[in-house]
J.: 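One structure follows; several queries about it will come next.
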Amino acid sequence: QVQLVESGGGLVQAGDSLRLSCAASGRTFSSGSMAWFRQAPGKEREFVAHIRWIGGFTYYADSVKGRFTISRDNAKDTVYLQMNRLKPEDTAVYYCAAKRTIVVATTTHEYDYWGQGTQVTVSS
């Protein structure tokens, strides 16, 4: 089993930046991949970004492309989401997710493990 813990959320103004962290522990696997999702009140959980543990290939949702950067530190079993030029519509609970395969997946059911989420609020 893999445990994921997100941190780094907070309240910021539009145009500001935040860096989220996702620390993985337990029975981690190096051949899989990680992702960030987000969920605003009353909306479905949506895909944000994906990264492979090996090689670091990344994939982003169109809504965050050019503003957000996903990265990983394999030695620390930690994945990051650098969020720049934040917009009010980025306001959501951000979740870290993990799966065993390297294939890009943008739906929640394709991921095996989830963190508890961290709140990001962007004011205008």
Side-chain angles (χ1 to χ4, degrees):
Q1 189 174 7
V2 175
Q3 294 81 45
L4 305 174
V5 179
E6 303 97 332
S7 61
L11 173 63
V12 298
Q13 298 182 76
D16 286 351
S17 298
L18 275 177
R19 187 191 188 217
L20 306 182
S21 297
C22 173
S25 62
R27 195 175 176 85
T28 59
F29 36 84
S30 61
S31 60
S33 56
M34 303 282 286
W36 288 96
F37 285 75
R38 65 187 183 186
Q39 187 167 22
K43 299 183 68 176
E44 295 183 358
R45 193 168 298 185
E46 67 171 340
F47 170 79
V48 175
H50 173 275
I51 188 168
R52 295 175 181 173
W53 279 113
I54 299 174
F57 171 86
T58 59
Y59 180 81
Y60 299 91
D62 288 342
S63 59
V64 306
K65 197 173 300 179
R67 298 188 298 122
F68 291 11
T69 301
I70 187 171
S71 61
R72 90 287 193 215
D73 186 334
N74 297 65
K76 296 181 178 180
D77 286 333
T78 300
V79 173
Y80 306 95
L81 185 68
Q82 178 66 46
M83 305 184 293
N84 298 325
R85 301 165 71 177
L86 283 160
K87 305 174 181 179
E89 49 263 47
D90 295 320
T91 296
V93 176
Y94 282 71
Y95 296 91
C96 179
K99 65 182 180 70
R100 292 176 293 178
T101 67
I102 64 172
V103 179
V104 172
T106 60
T107 57
T108 58
H109 74 271
E110 295 173 285
Y111 289 84
D112 303 303
Y113 305 100
W114 294 86
Q116 84 290 342
T118 185
Q119 177 71 47
V120 173
T121 303
V122 184
S123 62
S124 59

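For this chain, numbers begin at 1 and follow the sequence in order.
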J.: With sequence neighbours left out, what residues match Lys65 under side-chain hydrogen bond (donor to acceptor under 3.5 Å, both in side chains)?
T.: Asp62
J.: Of all residues at least two apart in sequence or in a different chain, which pass the salt bridge (Lys or Arg N to Asp or Glu O under 4.0 Å) check with Asp90?
T.: Arg38, Arg67
J.: Roughly how far, to the nearest 0.5 Å, is the CG atom of Leu20 from the CD atom of Glu6?
T.: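 Nearest 0.5 Å value for the CD-CG distance: 8.5 Å.
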J.: With sequence neighbours excluded, what pairs up with Ala40 under the side-chain contact (heavy atoms from CB on, under 4.5 Å) test?
T.: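 side-chain contact (heavy atoms from CB on, under 4.5 Å) check on Ala40 returns Lys43, Ala92.
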J.: As an exercise, state the distance from OH of Tyr95 to CD of Glu46, rounded to the nearest 0.5 Å.
T.: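 Going from OH on Tyr95 over to CD on Glu46, the span is 12.5 Å.
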J.: Looking at residues at least two apart in the chain, or sitting in another chain, which of them share a side-chain hydrogen bond (donor to acceptor under 3.5 Å, both in side chains) with Asp16?
T.: none
J.: May I ask whether Val12 and Phe68 are part of the same hydrophobic cluster, defined by side-chain heavy atoms of I, L, V, M, F, W, Y residues being less than 4.5 angstrom apart, directly or through others?
T.: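 Cluster IDs for Val12 and Phe68 match.
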J.: With Phe37, which residues qualify under ring-ring contact (aromatic ring centres under 6.0 Å, His included), at least two apart?
T.: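 If we apply the ring-ring contact (aromatic ring centres under 6.0 Å, His included) test to Phe37, skipping adjacent residues, the hits are Phe47, Tyr111, Trp114.
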J.: In chain order, what residues pass the side-chain hydrogen bond (donor to acceptor under 3.5 Å, both in side chains) check against Glu89, with sequence neighbours excluded?
T.: none
J.: Working to the nearest 0.5 Å, report the span between CD of Gln119 and OH of Tyr94.
T.: 9.5 Å
J.: Could you tell me the separation between the OG1 atom of Thr78 and the CE atom of Met34, rounded to the nearest 0.5 Å?
T.: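 With rounding to 0.5 Å, OG1 (Thr78) is 8.5 Å from CE (Met34).
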J.: Enumerate the residue pairs fulfilling disulfide bond (SG atoms under 2.5 Å apart) with a member in residues 33-90, sequence neighbours excluded, ordered by first and then second residue.
T.: none
J.: State, to 0.1 Å, how close Ala105 and Glu110 come at their nearest heavy-atom pair, and which atoms those are.
T.: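 Taking every non-hydrogen atom into account, CB-OE1, 3.2 Å.
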J.: Return all side-chain donor-acceptor pairs below 3.5 angstrom for residues 51-61, not counting sequence neighbours, or 'none' if the list is empty.
T.:
{"unit_1": "Arg52", "atom_1": "NE", "unit_2": "Ile102", "atom_2": "O", "d": "3.3"}
{"unit_1": "Tyr60", "atom_1": "OH", "unit_2": "Ile70", "atom_2": "N", "d": "2.9"}

J.: Can you give me every donor-acceptor pair (side chain of residues 79-87, partner residue at least two apart or in another chain, under 3.5 Å) with its distance?
T.:
{"unit_1": "Gln82", "atom_1": "NE2", "unit_2": "Asn84", "atom_2": "OD1", "d": "3.0"}
{"unit_1": "Asn84", "atom_1": "OD1", "unit_2": "Ser17", "atom_2": "OG", "d": "2.9"}

J.: Treating Thr91 as the side-chain partner and Val122 as the backbone partner, does any N or O pair qualify as donor plus acceptor under 3.5 Å?
T.: yes
J.: Can you pull out every disulfide bond (SG atoms under 2.5 Å apart) where at least one residue sits in residues 88-124? Sequence neighbours excluded, please.
T.: Cys22-Cys96
J.: Are Val104 and Val48 connected, step by step, through hydrophobic side chains (Ile, Leu, Val, Met, Phe, Trp, Tyr) whose heavy atoms are closer than 4.5 Å?
T.: no
J.: Under the disulfide bond (SG atoms under 2.5 Å apart) definition, can you give me all pairs with a residue in residues 25-74, not counting sequence neighbours?
T.: none
J.: Can you name the nearest heavy-atom pair linking Ala14 to Ser124, along with the distance?
T.: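 Minimum heavy-atom separation between Ala14 and Ser124: CB-CA, 4.3 Å.
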J.: For Ser25, enumerate each residue passing the side-chain hydrogen bond (donor to acceptor under 3.5 Å, both in side chains) test, keeping only those at least two apart in sequence or located in another chain.
T.: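 For Ser25 there are no side-chain hydrogen bond (donor to acceptor under 3.5 Å, both in side chains) partners, ignoring immediate neighbours.
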